[in-house]
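So you know, we letter chains A, B, ... as the sequences are listed, proteins then strands, and number each from 1. Keep in mind that the numbers below use all heavy atoms, side chains included, and drop hydrogens, waters and symmetry copies. A quick note: this is a predicted structure, and the numbers were derived from the prediction, not measured.
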Amino acid sequence: MTPAAKRRKRGNGGFVLACLAPALVLFAVFMIVPTVNVFRMSLYTWSGFSPDMRFVGLDNFRRLLDDDQFIRAFQNTVALLVVVTVVTMGMGLFLAAIMTRQKLSGRNLYRFVLYVPNVLSVVVIAAIFSAVYDQENGLLNGALRLLSLDGLQQVWLGNQRIVLYSVAIAMVWQSLGYYMVLYMSSMSSIPEELYEASSLDGASAGKQFFSVTLPLIWQHLRTTLTFFVMSAVNLSFVLVRAMTGGGPDGASEVLLSYMYKQAYTNSSYGYGMAIGVVIFAFSFLVSLLVSRATKREPLQF
Amino acid sequence: MTITRLGRTLTYVLVAAIALAIAVPVAWVLLASFKAKGEFYGSPWTLPAGLRIQNYVDAFVTAHMGQYFLTSVLVTVLGLVFVLAVSIPAAYVIARYEFRGRGLVEVLLLAGLFVNVNYIVVPIFLMLVGWDRSLADVLPGGFFIDNPAVLSLVYAATSIPFSIYLLTAYFRSIPVDYEEAASLDGASRFLVMTRIMLPMARPAVTTVILFNFLAYWNDFIIALTLLPGDGKTLQVGLLNLMTAQKAAADYGRLYAGMVIVIVPVLILYALIQRRLIEGMAAGGVKG
C-alpha cells in the first residue's frame, strides 16, 4: 500500500466498525459460541429441556470408552475415511490425468456428467441409491437378474457386512467428479515442456504421471486431502442419516450420526457433545497427521 | 505398440463406464417418475408406458412439494441476501483498511473454515430453544424455532468464513489506484466500496453466490433441526416422502418429488458450469 493510501485510511474507525460488526456478530453468535458450547456441554449431563444441568467433569468421556456402539461408530468412520479417501483420490487423479494428458474426445461431456453428483443434494443421492440398492425392484439387483447373475444379488442396505461398502460407494459416486475437476485444473497448469522433455527420455504416459504430474501437484494434493478428510466425516453422516439411519443394528453408524442420535433421540445432550468433542479432536488430528505424513520438499516449475 | 493401443482402449472404456455409472441412475429417476404404480413391479429396466404426469400432481399437491418448494426458495434467497450484505463490507474492510485486531479477526475466520456446521447444529438448536423460552412471556408461540428467516440467518452466519475468505482474496488482487482516484474526486468511503469496488469484484461475488446457493438449497440437516413444524424445506420434504413411500411401496410420487428437487439445480448447473468450475479453481477447496 502506498503511503498516501495509508494516510487516507487513518481515522476510519467508524466506517471499519460499521462494515465489520454485522459479520462478526453473526459469526460469533452462530459459530464461536456454539463451538465453545460443544466443549463446555461435554462436561455436563443434561437431558436438554429441563433446567437441571449437572457438572460431571470427564465422566462422559469415561463412559464413551465402555460404549460398544460408540466404538463401532468410530471404527466405521475410520474405515469409511480410509476406503473412500484412497478410492476417490486414486480414481480422481487417474481420471484427471487421462482428461488432461490424453486429449480424450468428448472430455467436456465427461466432465459435465462426472461433476453432476456434486450439485445434487445428499437427500437426492440417498434416494437415488435407495433405488439402486432396493432388494426387489432395485437397479443393481435388476441388472444382475438381466445378466442371469442371480447368485450375486444382495440386500445391499440390509446386510450388516455389506452396508458400509454400499455407503462408501455412494460417497465415492458423490465426490469423484469434484476432485477430478480440482486436479484437472492443477494439472493443466503444468507446462507442456516438462512432458516433452520426459518423453524425449523415453518415459511412457504412466511413468510421466509418477515422475512429472504427481510431484508437481503434490502441494495442491496435500491441501485437498486435508479438506477431503473433513468433508468425508461430514458426508458420511448426512448420507447415513438419509439412507440407512445407521442401521441395520448400528452397522453403518458413524460418529456424527451417533452424536445426533444421542442428542435428539436419547436426549443426552452432554454425552452427545462429548462425542462432538471427539469428532473435533479426531478431524484435527487426522488433518495434522495427513499433512505431516505427506510432507515433501516443495517442487517448483 | 499394440499394447499401448489396448491400454488406450481399456482406459476409454473405463472412463465411459464411470460416466455411465453416474448418468444412468439420474436418468433412470427421471424416467421412473412417469411410471404408474404397477410398472414398478418386475424389472426396473423397462421404459415407462407413457408420459404420465399424475405422479407430479401427487407430489406437488398431496405431498406438499409445491409449498416446500416456495419455502426453499425463500430460505435460499434470504440466506444469500444476508450473507452478501454482511460479508462484502467485512471482506472489503479486511482487504483494504489497517485496524487494530485485524490479524485476530483473520485468524478466527480462517479457523471458522474448519468448523463444519453439522458439528455445531446441536448447540445452535439448543441456543434457539433457550431464546424462545426466555421470550415465552412476550411471544408464547416461539420465534426462533420454525422460522424460515432464522434458518436463513444461520445459513448465512455459518458460511461467513468461506465467503469472506474468497472475497478478501479477490479484493486484494484489485489495484488500489481506482479507489485513490475516486476518493481524490471526492467520493465517500461508502461510495468507493459500493460503486467502484463492488462492480469490479463481480466474479468473486458470483462464485460466493453459486457455492452458497448450492449449500443452502441442498442442506437438510439444519433445516430438519430448525424447522420441525409444517413449514419444511424441499429437502426435508423429500426425506419424509422417501420414508413414507418406502413403507407404502408407491415409488412414483417419490421419484417425481426427486425430479422437482433436481431439475432447478441441473438447469442452473448446465447454464453456469464453466463459471462454477473456474470458481472452484480460484476458491481452492471447499468440501
Trainee: Could you measure the distance from the CZ atom of B:R189 to the SG atom of A:C19? Nearest 0.5 Å is fine.
Mentor: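 Taking CZ in B:R189 and SG in A:C19, the distance rounds to 9.0 Å.
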Trainee: Which heavy atom in A:R241 sits nearest to a heavy atom in B:L224, and how many Å separate them?
Mentor: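 Reported closest heavy-atom pair: NH2-CD2, 3.2 Å.
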Trainee: Measure distances from B:Y255 to the heavy atoms of chain A and classify the residue's part below 4.5 Å as side chain, backbone, both or neither.
Mentor: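 The side chain, not the backbone.
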Trainee: At a 4.5 Å cut-off on heavy atoms, which part of A:M243 comes close to chain B: side chain, backbone, both, or neither?
Mentor: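 The backbone, not the side chain.
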Trainee: Considering non-hydrogen atoms only, spot the tightest contact between B:A90 and A:A23 and give its length.
Mentor: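 Nearest heavy atoms, B:A90 then A:A23: CB-CB, 3.7 Å.
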Trainee: Do A:F280 and B:V115 come within less than 4.5 Å of each other through their side chains, counting heavy atoms only?
Mentor: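 With C-beta onward as the side chain, the pair touches.
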Trainee: Side chain, backbone, both or neither: which part of B:N118 has an atom under 4.5 Å from a heavy atom of chain A?
Mentor: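 Its backbone and side chain both get close to chain A.
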Trainee: If you tally heavy-atom pairs under 4.5 Å against chain A, which of B:L108, B:V105, B:I94 wins?
Mentor: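 Highest number of pairs under 4.5 Å: B:L108.
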Trainee: Which region of A:V233, side chain (C-beta onward) or backbone (N, CA, C, O), has a non-hydrogen atom less than 4.5 Å from a non-hydrogen atom of chain B, or is it both or neither?
Mentor: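 Contact with chain B is through the side chain of A:V233 alone.
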Trainee: Counting the benzene-type ring for Trp, do B:F190 and A:F15 have ring centres under 6.0 Å apart?
Mentor: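 No, ring centres 6.0 Å or more apart.
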Trainee: What part of B:V93 gets closer than 4.5 Å to chain A, counting heavy atoms only: side chain, backbone, both or neither?
Mentor: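 For B:V93, side-chain heavy atoms alone lie under 4.5 Å from chain A.
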Trainee: Is it the backbone or the side chain of A:M31 that comes under 4.5 Å from a heavy atom of chain B, or both, or neither?
Mentor: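 Its backbone and side chain both get close to chain B.
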Trainee: Taking side chain as C-beta onward, heavy atoms only, is A:M41 less than 4.5 Å from B:L126?
Mentor: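 The answer is yes; the side chains approach within 4.5 Å.
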Trainee: Look at A:I279, A:N234, A:T226, A:L120 and state which one has the largest set of heavy-atom pairs under 4.5 Å with chain B.
Mentor: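 The candidate making the most pairs under 4.5 Å is A:N234.
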Trainee: Where on B:L20 is there a heavy atom nearer than 4.5 Å to chain A: the side chain, the backbone, both, or neither?
Mentor: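 Neither part.
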Trainee: Taking side chain as everything from C-beta outward and backbone as N, CA, C, O, which of these in A:S204 sits under 4.5 Å from a heavy atom of chain B? Side chain, backbone, both or neither.
Mentor: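 Neither part.
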Trainee: Go through B:L266, B:L153, B:V29 and name the one with the most non-hydrogen pairs under 4.5 angstrom from chain A.
Mentor: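 It is B:L153.
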Trainee: Side chain of B:W28, backbone of A:I128: donor and acceptor closer than 3.5 Å?
Mentor: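 Looks like no, no N/O pair under 3.5 Å.
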Trainee: Going by atom types alone, do B:Y119 and A:T35 pair a side-chain donor with an acceptor below 3.5 Å?
Mentor: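 Distance-only check fails for B:Y119 and A:T35.
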Trainee: Could you look at A:F228 and say if it's the side chain, the backbone, both or neither that has a heavy atom under 4.5 Å from chain B?
Mentor: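 Interface part for A:F228: neither.
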Trainee: For the interface with chain B, which of A:N37, A:L114, A:V123 has the highest count of heavy-atom pairs at distances below 4.5 Å?
Mentor: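 Of the options given, most contacts go to A:V123.
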Trainee: Please classify the contact of A:L95 with chain B as side chain, backbone, both or neither, using a heavy-atom distance under 4.5 Å.
Mentor: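 Only the side chain of A:L95 comes within 4.5 Å of chain B.
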Trainee: Report which part of A:V132 has an atom under 4.5 Å of a heavy atom belonging to chain B: side chain, backbone, both, or neither.
Mentor: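 Answer is side chain: those atoms of A:V132 sit under 4.5 Å from chain B.
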Trainee: Tell me, out of A:A127, A:S283, A:G106, A:P22, who's got the most heavy-atom pairs with chain B below 4.5 Å.
Mentor: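 The answer is A:A127.
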Trainee: Which atoms of B:L238 are under 4.5 Å from chain A, going by heavy atoms: the side chain, the backbone, both sets, or neither?
Mentor: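 Both parts, heavy atoms under 4.5 Å.
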Trainee: Are A:V119 and B:F213 close enough that some pair of their side-chain heavy atoms sits under 4.5 Å apart?
Mentor: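 Heavy-atom side-chain distance check fails, nothing below 4.5 Å.
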Trainee: Would you mind checking which part of B:A16 comes under 4.5 Å of any heavy atom in chain A, side chain (CB onward), backbone (N, CA, C, O), both or neither?
Mentor: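 Its backbone and side chain both get close to chain A.
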Trainee: Name the region of A:A126, side chain, backbone, both or neither, that has any atom closer than 4.5 Å to a heavy atom of chain B.
Mentor: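 For A:A126, the contact with chain B is made by backbone and side chain together.
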Trainee: With respect to chain A, which residue among B:V265, B:L113, B:D219, B:V15 yields the maximal number of heavy-atom pairs within a distance under 4.5 Å?
Mentor: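 If we count pairs closer than 4.5 Å to chain A, B:V15 comes out on top.
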Trainee: If I measure from the heavy atoms of chain B, does A:D134 come under 4.5 Å with its side chain, its backbone, both, or neither?
Mentor: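 Contact with chain B involves the side chain of A:D134 alone.
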Trainee: Once you round to the nearest 0.5 Å, how far does CD1 of B:I18 lie from CD1 of A:I98?
Mentor: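 If I round to the nearest 0.5 Å, the distance is 8.0 Å.
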Trainee: Give the member of B:V121, B:I120, B:I160 that has the highest number of heavy-atom pairs under 4.5 Å with chain A.
Mentor: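 Of B:V121, B:I120, B:I160, B:I120 has the most heavy-atom pairs under 4.5 Å with chain A.
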Trainee: Sort A:F94 into side chain, backbone, both or neither according to what part of it lies under 4.5 angstrom from a heavy atom of chain B.
Mentor: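 Just its side chain gets close to chain B.
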Trainee: With a 4.5 angstrom heavy-atom cut-off, which part of B:A21 approaches chain A: side chain, backbone, both or neither?
Mentor: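 The answer is the backbone of B:A21.
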Trainee: For each of A:F112, A:F129, A:Y110, tally heavy-atom pairs with chain B at distances under 4.5 Å, and name the one with the top tally.
Mentor: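 That would be A:F112.
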Trainee: Give, for atom CG of B:N116 and atom OG of A:S231, the distance between the pair rounded to the nearest 0.5 Å.
Mentor: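 Between B:N116 CG and A:S231 OG, I get 8.5 Å after rounding to 0.5 Å.
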Trainee: What part of B:L268 gets within 4.5 angstrom of chain A, counting heavy atoms only: side chain, backbone, both, or neither?
Mentor: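 Looking at B:L268, nothing touches chain A.
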Trainee: Walk me through whether B:L128 and A:F30 qualify under side chain to side chain contact (heavy atoms under 4.5 Å, CB included).
Mentor: CA-CA 10 Å; B:L128 295 177; A:F30 290 107; 4.2 Å; yes
Trainee: If you look at every heavy atom in B:M258 and A:V124, which pair is closest and at what distance?
Mentor: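 Smallest interatomic distance, heavy atoms only, reads CE-O, 3.7 Å.
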Trainee: Output the option from B:S87, B:A19, B:A111, B:G257 having the highest count of non-hydrogen pairs under 4.5 Å with chain A.
Mentor: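 Top option by heavy-atom pairs under 4.5 Å: B:A19.
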Trainee: Sort A:F284 into side chain, backbone, both or neither according to what part of it lies under 4.5 angstrom from a heavy atom of chain B.
Mentor: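 For A:F284, there is no contact with chain B at all, as no heavy atom is under 4.5 Å.
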Trainee: Decide yes or no on side chain to side chain contact (heavy atoms under 4.5 Å, CB included) for B:F99 and A:L20, but give the supporting numbers first.
Mentor: CA-CA 11 Å; B:F99 56 91; A:L20 216 50; 3.5 Å; yes
Trainee: Could you walk me through whether A:F27 and B:T158 pass the side chain to side chain contact (heavy atoms under 4.5 Å, CB included) test, one step at a time?
Mentor: CA-CA 7 Å; A:F27 176 65; B:T158 50; over 6 Å; no
Trainee: In terms of heavy-atom proximity below 4.5 Å to chain B, should A:L176 be classed as side chain, backbone, both, or neither?
Mentor: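 The side chain, not the backbone.
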Trainee: Which region of A:A21, side chain (C-beta onward) or backbone (N, CA, C, O), has a non-hydrogen atom less than 4.5 Å from a non-hydrogen atom of chain B, or is it both or neither?
Mentor: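 When you check distances to chain B, no heavy atom of A:A21 falls under 4.5 Å.
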Trainee: Heavy atoms only, distances under 4.5 angstrom: which of A:L235, A:L139, A:V16 has the most pairs with chain B? Name it, please.
Mentor: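 Most heavy-atom pairs under 4.5 Å with chain B: A:L139.
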Trainee: Given side chain to side chain contact (heavy atoms under 4.5 Å, CB included), test A:N118 with B:Y269 step by step and report yes or no.
Mentor: CA-CA 10 Å; A:N118 194 57; B:Y269 167 55; over 6 Å; no
Trainee: Given a strict heavy-atom distance threshold of 4.5 Å, which part of A:M184 is in contact with chain B: side chain, backbone, both, or neither?
Mentor: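 For A:M184, there is no contact with chain B at all, as no heavy atom is under 4.5 Å.
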